[in-house]
Amino acid sequence: MTFIWLIALVLAVACLAHRRTAPWPALGLCAGFLVLMGAFSQAPGGLQLALWALWLLVALPLALPDLRRKYLTAPLFAWFRKVLPPLSDTERDAIEAGTVWWDGELFSGRPDWRRLLDSPRPQLTEEEQAFLDGPTEELCALVRDWDIGQRLDLPPEAWEHIRRHGFFALIIPKEFGGKGFSAYAHSQVAMKLATRSGDLASTVMVPNSLGPAELLLHYGTDEQRRHYLPRLASGEEIPCFALTSPLAGSDAGAMPDVGIVCKGQWQGEEVLGLRLTWEKRYITLSPIATLLGLAFKAHDPEHLLGDVDDLGISLALIPTDTPGVEIGRRHLPLGAAFMNGPNAGQDVFIPLDQVIGGRDMLGKGWMMLMNCLSVGRSISLPAAATGAAKASSLVSGQYCQLREQFNVPLAAFEGIQEALARIAGNAWLMDSARILTASAVDQGERPSVLSAILKYHLTERGRECIGHAMDVHGGKGIILGPNNYLGRAWQCAPISITVEGANILTRNLMIFGQGAIRSHPFVLREMTLASREDQHRALVEFDDLLLQHLGFAVSNAASSLLLGLSLGRVGNAPGDNLTRPWFRALDRLSAAFALLADSSMLLLGGELKRRERLSARLGDVLSHLYLASAALKRYHDRDYAGHLQPLVRWALEESLGKAEEALDDLLRNFPNRWLGALLNALVFPLGRRHPGPSDALEAEVAAIIGRDSGDPALEELLSGCYRPQEASDPVGALQVARRLVDASQPLRQRVHQALKSGQLTVAAGEPLVDAALAAALAAGLLSAQEADQWRDAEAARRRVIDVDDFSPEELAYRPGQIR
């Protein structure tokens with residue numbers, strides 16, 4: 001009985017801690033003491049005395065501030081300063097870059113759902129919608145992937161269209177001749193282009209993300225903006241931005257490229273400037289660029305600017321016709337045709353006013369890059385990956401209805417349904433995260449952690465969608481030619497995995513590594529205090545933060561346990577009947593994530609930085625919580641539309657299942673096995689709850705992308721996707737064949753029923769369709785018009801199923817070809 005009362009007491013204190021309405025550290029300490037005393041109530045007096053002493057040793061420092069600071073806070077503060085991982089300048093700039101938004105709520109262990117659900121719904125202006133429906137649609141119609149691949153370039157009419165309609169000026173304000181579009185509109189344009197061609201999307205995306213225009217807008221001088229932005233907006237200048245060096249890829253801070261402060265000749269005058277030497281590679285638009293943005297390390301050995309020699313990473317603008325600039329050669333990234341190549345410079349002199357932001361911004365380049373990169377990562381690559389997923393949904397859903405095996409459509413096979421469900425579910429989930437993050441940028445956020453989540457998870461899921469699409473297409477997908485609408489997407493899928501920070505780096509080091517410090521309610525403030533020179537005052541502030549942090553940890557432990565034991569039914573939740581359990585599940589997993597993040601940082605300290613797999617799993621939990629939040633937000637913004645329920649159910653079960661899987665993997669591999677077992681009891685008191693989407697749910701989702709145009713769920717899924725309707729287009733041929741085959745379906749059923757009943761017989765050795773048509777015509781079962789309708793449908797189906805072939809002469813090597 002005593003034991004039951006003790007359990008009840010612990011749960012009561014846990015409830016108070018969960019609600020954060022009481023001094024939970026002290027109450028938790030008392031509860032822990034009572035549990036110990038109850039457990040050892042029959043123990044010898046000496047043991048009970050030892051327990052009393054242990055309790056006093058811990059309780060008195062907590063209760064008395066002076067004792068606490070002397071015997072608890074001061075040693076902890078000294079330990080914290082000792083284990084604090086050393087931060088390089090580049091790491092510090094990366095951590096402090098951007099803003100904290102919904103990632104901070106997830107780190108809190110208690111997300112404020114009203115903050116998310118009440119945030120503005122993204123909407124296009126009339127001008128933005130007209131640009132999507134007009135110039136963007138027209139640009140898509142001007143290109144074909146096979147043609148681009150053969151040319152290794154966009155066709156001239158596409159380049160002219162891009163310049164004439166200002167596709168390089170989406171983010172440039174109207175006062176400088178640009179479009180001044182929102183981040184959401186920018187994302188919509190990039191996504192639609194990506195549904196047509198990855199090469200086309202890449203060409204347009206880069207100047208509108210990390211590049212001279214973005215940097216000038218945020219950091220350029222007034223004179224630089226007035227001179228360059230109108231020229232960039234009109235297409236008179238083609239920009240590129242050179243960051244990656246042969247010996248410094250992911251570790252950009254190790255770049256060997258230098259600029260030496262000196263005096264030199266510029267336009268006939270001696271001016272103070274920089275003499276630059278660099279070698280860069282993988283630079284998009286470099287082969288055709290007229291304006292080169294360059295990252296380099298500035299040095300002032302003669303102290304012409306001050307006493308500092310090493311000024312740090314800096315950024316400059318260099319016209320590519322400047323003497324000493326080597327530019328024009330191309331890379332071929334897996335055969336992709338978008339312009340990409342190396343550039344270099346030897347003793348290239350520029351005046352100081354070519355530094356972006358002028359002389360005052362020398363040495364601040366890494367901070368500038370980190371702040372701008374967080375925005376670019378939120379838009380470009382997520383839009384391209386989502387476009388690939390939507391295009392995969394469009395063609396796979398239609399093809400699997402048209403292609404038959406064993407006299408039934410491919411879509412009827414459960415194995416195919418599994419792949420189709422992954423394509424469709426991923427496409428809707430990715431789109432939800434893309435929309436939410438672009439909306440956050442439009443609200444003034446610069447979400448550095450969330451942009452890393454999108455970069456990794458959306459490019460990986462985009463690659464997964466293309467892979468599943470290739471699987472269900474079989475031979476149709478692997479035979480290259482004008483009629484193959486998947487092959488080049490498959491070839492180029494690893495490119496997005498590699499650029500703007502390789503995905504292995506992003507997952508293992510960036511998402512949690514940056515988020516743990518940037519988004520945590522206390523860690524960044526504690527680190528700042530640890531580096532303060534006024535140690536006495538810092539100790540007092542650290543003591544206050546420490547108590548708050550302890551309360552935060554105890555609260556999250558209590559929340560994990562209570563929400564786990566109560567099946568997530570503690571407290572109120574927003575949403576409708578469908579989504580409330582998921583909001584509660586996210587509350588539970590957010591508390592568990594915050595608890596495990598704190599436990600990992602406390603146990604490992606600076607070592608956590610090197611325990612990449614542990615960090616990656618924590619990052620995975622945070623990522624899946626964010627993706628689930630995005631799906632719930634989108635469903636809320638669509639007024640809980642019933643036709644979206646299969647998609648939102650798939651998205652939530654997928655995200656919650658993956659989050660629980662990451663937590664389980666983390667706990668099974670936790671460095672301290674005893675602590676891991678204790679945490680496992682708090683996080684999963686009744687075991688895992690979300691195994692992932694069921695077979696029945698996947699069949700529902702797979703069916704959506706096989707439906708006819710106009711179905712509301714299908715239209716939501718394919719929203720923003722370029723959908724050509726001409727039979728001469730390989731994707732348009734799918735749409736034409738689907739309409740003709742659906743219209744002829746009653747005729748087929750009529751004839752097949754007659755064959756089955758024996759009313760009709762066909763001669764052996766003839767093609768079944770031809771023989772059935774002839775027999776049906778002879779028996780008067782079909783009219784001549786109906787027979788022609790069936791023939792047209794079968795011919796359209798055959799055009800879709802057929803693949804390309806070439807004569808030996810067509811494939812023969814010709815002088816000038818690249819081999």
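As the structure is a computational prediction, the values presented were derived from the model and not from experiment.
The closest side-chain heavy-atom distance from L243 to F241 is below 4.5 Å. Between L317 and L292 the shortest side-chain heavy-atom distance does not fall below 4.5 Å. Between T437 and Y626, some side-chain heavy-atom pair lies under the 4.5 Å cut-off. When side chains are defined from C-beta on, L139 counts as touching I162, because their heavy atoms get closer than 4.5 Å. Between S380 and V206 there is no side-chain heavy-atom pair separated by less than 4.5 Å. For the pair V648 and W650, the minimum side-chain heavy-atom distance is 4.5 Å or more. Counting only heavy atoms from C-beta outward, the side chains of L480 and Q491 approach each other to under 4.5 Å.
Heavy-atom minimum distance, A796 versus L740: CB-CD1, 3.8 Å. Counting all heavy atoms, side chain and backbone alike, P342 lies closest to S286 at O-OG, 3.3 Å. When all heavy atoms are compared, the tightest approach of S197 to D145 is OG-OD1, 3.1 Å. Residues V472 and A419 approach most closely at CG1-CB, 3.7 Å, considering heavy atoms. Taking all atoms of both residues into account, the shortest heavy-atom contact from T459 to I497 is O-CD1, 3.5 Å. T386 and M191 make their closest contact through CG2-SD, 3.8 Å (heavy atoms, listed as atom of the first residue, atom of the second, distance).
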In sequence, state the C-alpha distance, the side-chain angles, and the governing distance for E460 and M430, and then conclude on side-chain contact (heavy atoms from CB on, under 4.5 Å). CA-CA 10 Å; E460 289 291 348; M430 293 163 65; over 6 Å; no
Derivation of the salt bridge (Lys or Arg N to Asp or Glu O under 4.0 Å) call for E716 and R638: CA-CA 10 Å; E716 173 86 12; R638 299 297 188 273; 3.1 Å; yes
From CA spacing to verdict: side-chain contact (heavy atoms from CB on, under 4.5 Å), L315, L369: CA-CA 9 Å; L315 310 179; L369 287 174; 4.0 Å; yes
Going through the distances and angles, do E445 and V441 end up as a side-chain contact (heavy atoms from CB on, under 4.5 Å)? CA-CA 5 Å; E445 302 291 342; V441 173; 5.8 Å; no
Please determine whether ring-ring contact (aromatic ring centres under 6.0 Å, His included) holds for the pair H473 and Y485, giving the CA-CA distance in whole Å, both sets of side-chain angles, and the decisive distance to 0.1 Å. CA-CA 11 Å; H473 279 76; Y485 41 70; 5.4 Å; yes
Output, in order, the C-alpha distance, side-chain angles, deciding distance and verdict of side-chain hydrogen bond (donor to acceptor under 3.5 Å, both in side chains) for W146 and N483. CA-CA 8 Å; W146 175 255; N483 290 306; over 6 Å; no
Does the pair R463 and I466 meet the rule for a side-chain contact (heavy atoms from CB on, under 4.5 Å), with working shown? CA-CA 5 Å; R463 175 162 66 172; I466 296 170; 5.8 Å; no
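Between R144 and D729, at least one side-chain N (NZ, or NE/NH1/NH2) sits under 4.0 Å from a carboxylate O, which counts as a salt bridge. The residues R797 and E794 are annotated as salt-bridged, a charged nitrogen and a carboxylate oxygen being separated by less than 4.0 angstrom. Between K192 and E137, at least one side-chain nitrogen of the basic residue sits less than 4.0 Å from a carboxylate oxygen of the acidic one, meeting the salt-bridge criterion. In this structure, R163 does not pair ionically with E236, as no charged nitrogen and carboxylate oxygen lie closer than 4.0 Å. A salt bridge is absent between K455 and E500: the closest approach of a Lys/Arg side-chain nitrogen to an acidic carboxylate oxygen does not fall below 4.0 angstrom. A salt bridge is absent between D637 and R634: the closest approach of a Lys/Arg side-chain nitrogen to an acidic carboxylate oxygen does not fall below 4.0 angstrom. A salt bridge does not link D708 to R739: none of the charged nitrogens lies less than 4.0 Å from a carboxylate oxygen. Salt-bridge formation is detected for the pair D199/R488: a Lys NZ or Arg NE/NH1/NH2 atom is positioned less than 4.0 Å from an Asp or Glu carboxylate oxygen. At a threshold of 4.0 Å, the pair K174-E127 counts as salt-bridged, since one of the basic side-chain nitrogens sits closer than that to a carboxylate oxygen. The existence of a salt bridge linking E715 and R723 is confirmed by a sub-4.0 Å separation between a basic side-chain nitrogen and an acidic carboxylate oxygen.
Checking D153 against W159 by side-chain atom types alone, a donor-acceptor pair falls below 3.5 Å. R281 and T244 form no side-chain donor-acceptor contact under 3.5 Å, judged by distance and modelled atom types alone. Under 3.5 Å, the side chains of S744 and Q789 contain no donor-acceptor pair of N or O atoms. Between the side chains of Q188 and R434, at least one donor N or O lies within less than 3.5 Å of an accepting N or O. Inspection of the S439 and Q443 side chains reveals an N or O donor paired with an N or O acceptor under 3.5 Å. No side-chain N or O of S209 forms a donor-acceptor pair with one of E214 less than 3.5 Å apart. Between the side chains of Y722 and T136, no donor N or O sits under 3.5 Å from an acceptor N or O.
Remark: side-chain polar atoms of T506 are paired, donor with acceptor, to backbone N or O of A502 under 3.5 angstrom. Side-chain N or O atoms of T290 include one that pairs as donor or acceptor with a backbone N or O of I238 at under 3.5 Å. Of the possible donor and acceptor atoms, none in the side chain of S182 sits under 3.5 Å from a partner among the backbone N and O of D442. Judged by distance alone, with hydrogens and angles left aside, the side-chain atoms of R196 form a donor-acceptor pair with the main-chain N or O of C140 at under 3.5 Å. Judged purely by atom type and a 3.5 angstrom limit, K390 has no side-chain atom pairing as donor or acceptor with the backbone of A385. A donor-acceptor contact shorter than 3.5 Å is absent between the side chain of R422 and the backbone of E464. Between the side chain of K476 and the backbone N or O of V800, at least one donor-acceptor pair lies under 3.5 Å. Checking side-chain atoms of N484 against main-chain N and O of I479 turns up a donor-acceptor pair under 3.5 Å.
Annotation: the span from I356 atom CD1 to L215 atom CG amounts to 4.5 Å, rounded to 0.5 Å. The distance from atom NE2 of H186 to atom CG of N208, rounded to the nearest 0.5 Å, is 4.5 Å. Taken from NE2 in H457 to CG in L627, the straight-line distance is 6.5 Å, to the nearest 0.5 Å.
Atom CD of E404 sits in a crowded spot, with more than 12 heavy atoms from other residues, nucleotides or ligands closer than 6.0 Å. Around atom CZ of R798, no more than 12 heavy atoms belonging to other residues, nucleotides or ligands sit under 6.0 Å away.
Here the two rings, on F131 and F181, have centers that are under 6.0 Å apart.
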Pairs under 3.5 angstrom only: tabulate donor-acceptor contacts from the side chains of residues 333-340 to other protein residues two or more places apart or in another chain.
unit_1 : atom_1 : unit_2 : atom_2 : d
N340   : ND2    : Y282   : O      : 3.2
N340   : ND2    : T284   : OG1    : 3.1

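Taking the six-membered ring for Trp and thresholds of 30 and 60 degrees, H165 and H161 have ring planes inclined between 30 and 60 degrees apart.
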